[in-house]
Amino acid sequence: MANLIYKRVSTDQQSTARQNLVLDEARIEDRVTFEEQAGTSSRLHPLQRPKFGELLTYARPGDIVHISEMFRLVRGTQHILDVLDVLHRDRLALRIHDGAFSAMDLTARHPRTGELLSTVKFMVQTLAAAGELQRELTYDGLRAAEAKGSKGGRRPAIKPDKTTAVRTAYLNGRSIAALAREHGVSRGAVRTAVADLMPEHTAADNEDVPAPQLPVTLDMPGKVADFFRAPNWSPPSGPRSTTA
């Protein structure tokens, strides 16, 4: 029995880092890896992809095909059903290690007819339809963002030559939100640039200085509120515990 790993990314700007992490956590031994060339179209039927074709040619009955998640291999409902039929024909098992399909036995067949169990087929069709909807909504959102001039993705960090100006402006009273808009970066990028200037950082550096007592505003009626407003009541000292 061989463990056959299949990996694929949609564009040459993506990497297989997440797939590698999921598959490494599965502790799969004696691997034989088949990785599509970066940018192989996700619209291409999986049975027409070069490396998946090589995998099927290499495989022998009893081998196991491993993928990090179902949509690394297939795109839509019919793709899934077609692949399952081929795997059943070649007597290959399929292991999905992450995502909605990871808890399902997609190879379950009727013991008499050999057909895919109706419950499995129903779950496959439902989850695949949900996945297709999610991708379409994401694609529509990206197109709308591009129409407004946004390329999507993570916003850039502050360039080194702009850091001093950002820090000076922050010390002069400019807000983080205003600086983020001005430099076209996220608020998190601005916070990173001025982290050592922020009040909470200063408080952390001066651990011997007690934190100021903040006033507590109560907006509740009744005797409980009257009790907390009483002059002889004070909040308990020590760390506060929270419960989920």
Side-chain angles (χ1 to χ4, degrees), residues 1-110 114-117 119-139 142 151-154:
M1 181 194 75
N3 289 307
L4 313 179
I5 308 294
Y6 179 76
K7 295 187 291 185
R8 183 190 65 83
V9 293
S10 299
T11 70
D12 53 10
Q13 280 76 43
Q14 296 176 329
S15 76
T16 58
R18 184 178 180 279
Q19 297 176 63
N20 294 338
L21 176 63
V22 171
L23 294 168
D24 288 344
E25 289 178 346
R27 300 184 182 278
I28 304 167
E29 298 180 352
D30 301 325
R31 304 178 175 196
V32 181
T33 301
F34 297 84
E35 182 175 340
E36 297 287 358
Q37 184 176 355
T40 301
S41 174
S42 59
R43 295 183 180 274
L44 190 64
H45 196 291
L47 298 179
Q48 298 174 343
R49 293 180 189 144
K51 287 299 179 180
F52 191 65
E54 289 184 19
L55 182 151
L56 293 176
T57 300
Y58 179 90
R60 296 294 179 267
D63 288 351
I64 302 175
V65 179
H66 297 267
I67 53 178
S68 60
E69 56 187 340
M70 177 59 89
F71 294 109
R72 290 298 94 203
L73 174 60
V74 299
R75 179 176 176 85
T77 307
Q78 193 56 50
H79 285 188
I80 298 176
L81 298 177
D82 290 345
V83 167
L84 291 178
D85 283 341
V86 170
L87 295 179
H88 175 68
R89 179 199 68 194
D90 295 344
R91 291 182 288 168
L92 304 175
L94 176 65
R95 296 289 181 272
I96 306 166
H97 295 278
D98 195 23
F101 290 95
S102 60
M104 298 175 59
D105 180 9
L106 298 180
T107 60
R109 299 272 170 167
H110 193 283
E115 294 181 355
L116 194 66
L117 290 180
T119 52
V120 174
K121 184 178 292 188
F122 172 77
M123 289 300 296
V124 165
Q125 292 171 337
T126 301
L127 292 172
E132 289 176 3
L133 176 61
Q134 180 182 5
R135 284 193 303 276
E136 289 299 325
L137 291 175
T138 301
Y139 179 64
L142 289 173
K151 295 182 179 180
R154 179 177 295 181

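FYI, the numbering just counts along the sequence from 1. Just so you know, these numbers come straight off a predicted model, no measurement behind them.
The heavy-atom pair separating A59 from L4 by the smallest distance is CB-CD1, 3.6 Å. Pairing each heavy atom of H79 with each of P46, the nearest pair is ND1-CD, 3.4 Å.
Note that the CG atom of L87 and the CG atom of D63 stand 11.0 Å from one another [nearest 0.5 Å]. The CD1 atom of I67 sits 13.5 Å away from atom NZ of K7, with the distance rounded to the nearest 0.5 Å. H66 NE2 to I96 CD1: the interatomic distance, rounded to the nearest 0.5 Å, is 11.5 Å. Taken from CZ in F71 to CD1 in I80, the straight-line distance is 5.5 Å, to the nearest 0.5 Å. Once rounded to the nearest 0.5 Å, the distance linking CD1 of I5 with CD1 of I64 reads 10.0 Å.
Between R95 and I28 there is no side-chain heavy-atom pair separated by less than 4.5 Å. You'll find the side chain of Q19 reaches within 4.5 Å of the side chain of V9, heavy atoms only.
Scanning for side chain to side chain contact (heavy atoms under 4.5 Å, CB included) contacts around Q37 gives T40, with sequence neighbours left out. With sequence neighbours left out, D90 forms a salt bridge (charged side-chain N to carboxylate O under 4.0 Å, His left out) with no residue at all. The side chain to side chain contact (heavy atoms under 4.5 Å, CB included) search around E69 returns R18, R72, not counting sequence neighbours. When the side chain to side chain contact (heavy atoms under 4.5 Å, CB included) test is applied to R91, the partners found at least two apart in sequence or on another chain are P61. Here L21 pairs with E25 under the side chain to side chain contact (heavy atoms under 4.5 Å, CB included) rule; sequence neighbours left out.
A side-chain donor-acceptor contact under 3.5 Å links N3 to the backbone of E29.
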Which pairs would a plain distance check flag for residues 47-56, meaning a side-chain donor or acceptor within less than 3.5 Å of a matching protein atom at least two apart in sequence or in another chain?
unit_1, atom_1, unit_2, atom_2, d
R49, NE, L44, O, 3.2
R49, NH1, L73, O, 2.5
R49, NH2, S42, O, 3.1
R49, NH2, L44, O, 3.0
K51, NZ, E54, OE1, 3.3

